[in-house]
Amino acid sequence: MDALRIAEAVNAGALDPVEVVAEHRARIEAQDRRIHAFLTLNPAAEEEARAVAGRVAAGERPPLAGVPFAVKDNLVTRGLRTTAGSRVLENFVPPYTATAVDRLRAAGAVLLGKTNLDEFAMGSSTEHSAFGPTRNPWDLKRVPGGSSGGSAAAVAAGMVPLALGSDTGGSIRQPAAYTGVLGFKPTYGRVSRYGLIAYASSLDVVGPFARSVGDLAAAMEAIAGRDPKDATSLEAAPAFTEALDRPVQGLRVAWVRETLGPGTDPGVREALERFAGVLEDLGLTVGEVGLPELEYALAAYYLVATSEASSNLARYDGTLYGARAPGEELVAAMKATRARYFGAEVKRRIFMGTFALSSGYYQAYYGRALRARAAIARAFERAFADYDLLLTPTAPTPAFRLGEKLADPLSMYLTDVNTVAANLAGLPALSLPAGFSRGLPVGVQLLGPPLADERLLAVARAYERAAGGVFRRPPPPPQG
Amino acid sequence: MKITPELIRHLEDLARVELSDEERAAMREDLEKILGYFEKLGELDLADLPELVRPVPLEHRMRDDVPEPGLDPEAALQNAPEREDGFFKVPRAIEGE
């Protein structure tokens with residue numbers, strides 16, 4: 001059952017939130033041994049559900065009453081272990097809770113557990129988790145994407161109707177596309193980053209996964225808005241639910257030509273053509289626009305992201321919290337701690353970023369990446385002078401096989417080629433299920449100018465209605 | 001960009017991560033390949049562009065100067081690898097007595 005239907009039934013007194021928790025726990029037990037979406041289950045979920053039942057009994061009508069949700073394990077939760085998928089935080093129990101999680105709870109939702117991710121959100125497959133990979137519910141031999149692969153897989157497999165992820169270069173949208181669910185990356189600053197374990201602070205955003213546009217909008221309505229605890233959070237008041245039924249007829253949409261190159265899977269291309277046909281039937285005009293600067297987005301992204309990461313991850317030094325390797329002297333202990341408890345991909349990115357920021361290389365690498373970032377932001381500004389929305393495939397191909405790209409980091413990075421530009425420019429972007437290629441889900445990415453988050457959801461809603469829903473349930477996992 | 005073993009050692013010091021010999025070899029190979037790909041940024045004419053550090057301008061706000069409860073010392077110390085008398089304890093930072 002989807003989130004809003006659960007909330008409606010709970011608010012009508014027809015459904016007990018404690019039963020909803022039990023039912024979803026049973027689904028997790030039945031499926032998660034094979035999928036491995038969850039790292040930690042919330043032992044207090046029943047207690048939280050009882051508290052929601054009490055609020056409803058007292059006359060309150062919370063918009064997400066009794067809706068079970070999952071949270072990527074890089075959002076801190078007070079009293080509930082938060083690992084970021086890393087050995088360095090394997091036993092870390094946070095003393096506070098992320099704002100987005102607090103706000104979902106305030107809206108009546110019930111936290112079921114914490115989901116798997118690439119270590120510190122650095123990856124595109126969830127294979128870089130220190131606790132083992134998550135599998136794609138559509139094909140257990142394939143990755144669910146990443147880095148928010150656990151949240152995406154949990155929503156796709158029906159273990160929860162709603163989940164939170166984080167998106168630094170596509171970490172919500174790419175797994176949403178690979179698992180056939182909706183994933184939303186809001187405008188930078190629309191959702192507070194307070195309590196999000198930092199990877200690249202000028203790119204990181206928190207956003208939701210869901211199986212319907214209405215649920216996605218309800219989640220955004222709950223989590224968006226200014227937070228005094230995050231100086232980069234924006235004032236803009238959430239109007240997501242209200243905006244869903246805004247007219248979309250006459251909106252000007254364009255494909256980004258550079259994202260439909262020869263590397264794009266033919267099945268992905270066909271699904272996207274059908275998608276564009278539906279938009280035209282709805283009265284939108286669909287054109288094509290060239291953004292040659294996007295060819296440089298991946299290089300600019302990885303330089304900016306790794307530079308910020310090398311600084312953000314300096315805090316894992318074994319002094320105040322997290323794991324510590326033994327050592328007689330402080331610096332030696334720090335070096336040993338970071339050597340022992342960081343995984344290979346995290347080390348690779350720390351070294352890349354350290355290099356890009358180091359004396360003698362700063363201008364040629366980090367400085368140049370920031371100027372390329374400005375060029376990309378301006379290219380988008382020009383495109384949005386002529387178009388209301390841009391379209392790309394979320395990823396060039398459907399989900400790849402486990403292990404397929406592990407030996408070649410650059411081939412893994414290239415799966416993010418269509419998603420990173422939105423983070424560099426701070427734009428809102430949505431991945432919407434748009435069909436299948438050889439039985440695997442395909443996602444289309446909608447991009448808008450800054451603060452046009454609501455417009456993306458209105459178009460997605462119009463498409464969802466015309467298509468009779470966008471989510472298809474994955475096949476049940478094989479027994480045994 | 002040629003990545004030398006000396007550069008890898010230098011980055012180990014800067015990043016405070018000690019690599020094994022095997023990791024050093026892999027890191028050299030990976031960085032050369034990845035940074036080689038990044039060099040395509042050199043094709044762009046970026047002369048007149050600013051360094052864009054943040055995608056959305058910050059809305060500068062002051063908050064009222066009202067005292068609020070801070071993190072309880074016990075909560076702050078609960079994840080400490082080592083502690084003593086209400087303090088974090090770390091290995092010796094300065095040589096000698």
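Lettering of chains follows the sequences in order, A, B, ..., and the numbering in each one begins at 1.
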Worksheet entry | Among the listed options B:Ala47, B:Ala15, B:Ala80, the residue most often paired with chain A at heavy-atom distances under 4.5 Å |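 Going by pairs under 4.5 Å, I would pick B:Ala15.
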Worksheet entry | Pairs of heavy atoms under 4.5 Å with chain A: top-ranked of B:Glu39, B:Lys89, B:Met1 |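 Of the options given, most contacts go to B:Met1.
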So [Y] and [X], do their side chains get closer than 4.5 Å, heavy atoms only?
| X | Y | result |
| --- | --- | --- |
| B:Lys33 | A:Pro409 | no |
| B:Pro81 | A:Thr319 | no |
| A:Glu295 | B:Lys40 | yes |
| A:Tyr316 | B:Arg16 | no |
| B:Val17 | A:Lys335 | no |
| B:Tyr37 | A:Leu414 | yes |
| A:Arg368 | B:Phe38 | no |
| B:Met27 | A:Arg348 | yes |

Side chain / backbone / both / neither for [X] at chain B, heavy atoms under 4.5 Å:
| X | answer |
| --- | --- |
| A:Leu451 | neither |
| A:Ala333 | side chain |
| A:Tyr361 | side chain |
| A:Ala344 | neither |
| A:Ser310 | neither |
| A:Leu89 | neither |
| A:Asp317 | neither |
| A:Ala372 | both |
| A:Pro94 | backbone |

Heavy-atom pairs under 4.5 Å with chain B, option from [options] with the top count:
| options | value |
| --- | --- |
| A:Ala336, A:Ala323, A:Ala375 | A:Ala375 |
| A:Glu293, A:Arg226, A:Arg378 | A:Arg226 |
| A:Leu427, A:Val331, A:Ile376 | A:Val331 |
| A:Pro95, A:Gly426, A:Ser202 | A:Pro95 |
| A:Phe351, A:Tyr365, A:Tyr96, A:Phe355 | A:Phe351 |
| A:Pro450, A:Gly353, A:Gly367, A:Pro326 | A:Gly367 |

Worksheet item: Is the side chain of B:Asn79 donor-acceptor paired with the backbone N or O of A:Val93 at a distance under 3.5 Å, no angle test?
Response: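 Yes, the answer is positive, given that a donor and an acceptor are paired below the 3.5 Å cut-off.
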Worksheet item: Does B:Arg54 reach the main-chain N or O of A:Leu203 with its side chain, forming a donor-acceptor pair under 3.5 Å?
Response: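 Not a single qualifying donor-acceptor pair exists.
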Need one label for [X]: side chain, backbone, both or neither, based on atoms under 4.5 Å from any heavy atom in chain A.
| X | answer |
| --- | --- |
| B:Leu19 | side chain |
| B:Arg61 | side chain |
| B:Asp45 | neither |
| B:Glu23 | side chain |

Around [X], counting heavy atoms of other residues, nucleotides and ligands shown, do more than 12 lie under 6.0 Å from its [atom1]?
| X | atom1 | answer |
| --- | --- | --- |
| A:Arg78 | CZ | no |
| B:Glu22 | CD | no |
| A:Glu328 | CD | no |
| B:Phe88 | CZ | yes |
| B:Asp48 | CG | no |
| B:Glu29 | CD | no |

Which distance, rounded to the nearest 0.5 Å, do you find between the [atom1] of [X] and the [atom2] of [Y]?
| X | Y | atom1 | atom2 | answer |
| --- | --- | --- | --- | --- |
| B:Asp30 | A:Arg349 | CG | CZ | 12.0 Å |
| B:Leu11 | A:Ile350 | CG | CD1 | 11.5 Å |
| A:Arg338 | B:Glu12 | CZ | CD | 12.0 Å |

Discussion item. Testing the 3.5 Å rule here: is there a donor-acceptor pair between the side chains of B:Gln78 and A:Tyr321?
Written reply: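 Note: B:Gln78 and A:Tyr321 side chains miss the donor-acceptor criterion.
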Worksheet item: What's the verdict on side chain to side chain contact (heavy atoms under 4.5 Å, CB included) for B:Val90 and A:Arg324, showing C-alpha distance, side-chain angles and the deciding distance?
Response: CA-CA 10 Å; B:Val90 298; A:Arg324 177 196 291 180; 3.9 Å; yes
Worksheet item: Which residues from residues 3-10 of chain B are near chain A, with near meaning under 4.5 Å between non-hydrogen atoms?
Response: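 B:Leu7, B:Ile8 fall under the 4.5 Å cut-off.
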Worksheet item: Are any of the side-chain nitrogens in A:Arg373 or B:Glu51 under 4.0 Å away from the carboxylate oxygens of its partner?
Response: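 Salt bridge flag = no for B:Glu51 with A:Arg373.
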Discussion item. Quick check on side chain to side chain contact (heavy atoms under 4.5 Å, CB included): which of B:Leu46, B:Leu44, B:Leu41 does A:Arg371 satisfy it with?
Written reply: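 Result for side chain to side chain contact (heavy atoms under 4.5 Å, CB included) with A:Arg371: B:Leu46.
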